[in-house]
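Worksheet for the structure shown next.
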There are 2 protein chains.
Amino acid sequence: METTVKVKFWEFLREQGLRQTAQREAILDLFLDSGGHISPESLFNTVKRAHPHIGYSTVYRTLKLLAQSGLAQEVHFHEDQTLYDRKSEQHDHLVCVRCGRVVEFQFESVERLQSEIARQQGFLPQRRKFEIYGLCRECQQRTA
Amino acid sequence: METTVKVKFWEFLREQGLRQTAQREAILDLFLDSGGHISPESLFNTVKRAHPHIGYSTVYRTLKLLAQSGLAQEVHFHEDQTLYDRKSEQHDHLVCVRCGRVVEFQFESVERLQSEIARQQGFLPQRRKFEIYGLCRECQQRTA
DNA sequence: ATAGATGCAAATGTTTTGCAGGAAA
DNA sequence: TTTCCTGCAAAACATTTGCATCTAT
């Protein structure tokens, strides 16, 4: 079933007149394996094992393509580094400030609240960022 | 009443064994005048008028101090630049993706939703980011 | 054959740091 | 006077770009 995602990316490339390459495939595979929330840096370090000569630029460029194709989404939990998240339905995140763990959640009520607030202020909402930062269960125990 | 805020900053500095300087005062004044959401860059450009020899580093360092003192808060609406927002109660933002306008809002229900979601996942919430991106009223008209 | 893709090195933009001289306490 | 600040230039980062060389189509 990951195959389906892969095929979508190849289709996207074809539509854009772009090419299917070994590097792009390796990067896509790692991105999918990661289960989401991967940084260009760690992806680069991993992909180097299979492609020792690959450059950072190829990783960055491919990740941008994944974002354009709609398969990935850029997120910014840790201020100065971009992570790439697997795109599914609109969802939000809980981020542990100690261990960095990220848990996704999806609540109807967030959606409703967003529409409601935007309407009141005359905004036409397009997307949102809802991130709750705190301590996950494990880190609470290690602290207390 | 801005004076009160200023006094708080001087107190903070004194407690930390730090000093009150003309540059810090100029930066604080501009930060307060801006009404929030100011970038180091624009603050630097403005403060240069009164202090032609001031350096970027002084601006950055002072803004960090303001954040540490609890008077300011770093926010990241536009991916690659940090803005400094005046810290008041926890509040959230609507950001216009076209003109960059930022509107703050404060809804009891966001607070409740945050607690509810965190509880369900076993997180101890500390802070959040809730930003709705879209078109403000004016930009909708210019588009449609 | 031809438009694209790659890898490298150099450039970018933002933020930080080292340091010598200057100022607040 | 002592400790902290400042401004400058240089360093650090993450990310992007120019370009000559390769490669998928």
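All chains are named by letter (A, B, ...) in the order of the sequence lines, taking the proteins before the strands, and each is independently numbered beginning at 1.
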Main-chain N/O of T58(B) paired with T62(B) side-chain donor or acceptor, under 3.5 Å: yes

Taking atom types as they are modelled, would you say the side chain of R61(B) forms a donor-acceptor pair with the base of dG7(D) within the 3.5 Å cutoff? yes

How long is the line joining NZ of K48(A) and P of dT6(C), in whole Å? 17 Å

Is it true that R119(A) and E116(A) have a side-chain N and a carboxylate O under 4.0 angstrom from each other? yes

So, OP1 or OP2 of dT16(C): does either fall under 4.0 Å of a side-chain N or O from Y60(B)? no

Candidate nucleotides dT6(D), dA5(C), dG7(D), ranked by approach to the side chain of T21(B) - the nearest: dT6(D)

Side chain T58(B) and base dC5(D) donor-acceptor under 3.5 Å: no

For dA5(C) and Q20(A) - does any side-chain N or O of the residue sit under 4.0 Å from the phosphate oxygens OP1/OP2? no

Whole-Å gap separating C1' (dT17(D)) and OH (Y56(A)): 17 Å

For P52(A) and S57(B), take the nucleotide of DNA chain C holding the closest heavy atom to each; which residue's nucleotide lies nearer the 5' end? P52(A)

Is there a donor-acceptor contact under 3.5 Å from the side chain of Q23(A) to the main chain of G55(A)? no

L65(A) CG to dT6(C) C1', straight-line distance once rounded to whole Å: 13 Å

OP1 or OP2 of dC8(D) less than 4.0 angstrom from a side-chain nitrogen or oxygen of H53(B), does that happen here? yes

If I take atom NE2 in residue H51(B) and atom P in nucleotide dC5(D), what distance separates them, rounded to the nearest angstrom? 16 Å

Taking atom C1' of dA25(C) as reference, at what distance in whole Å does atom CG of L13(B) sit? 13 Å

Taking atom types as they are modelled, is there a donor-acceptor pair under 3.5 Å from the base of dC5(D) to the side chain of R19(B)? no

For I38(A), which of L43(A), D33(A), L32(A) qualifies under side chain to side chain contact (heavy atoms under 4.5 Å, CB included)? L43(A)

Without decimals, in angstroms, what is the distance between R24(B) CZ and dC4(D) P? 11 Å

Establish, with yes or no, whether the OP1 or OP2 oxygen of dG7(C) is under 4.0 angstrom from a side-chain nitrogen or oxygen of Q23(A). yes

Can you find a side chain N or O atom of K64(B) that sits less than 4.0 Å from OP1 or OP2 on dT15(C)? no

Please state how far atom CG in L63(B) lies from atom P in dC5(D), giving the value in whole angstrom units. 16 Å

Let me know the distance between CD of E25(B) and C1' of dC5(D), rounded to the nearest Å. 16 Å

Side-chain heavy atoms of D92(B) within contact of E131(B), under 4.5 Å: no

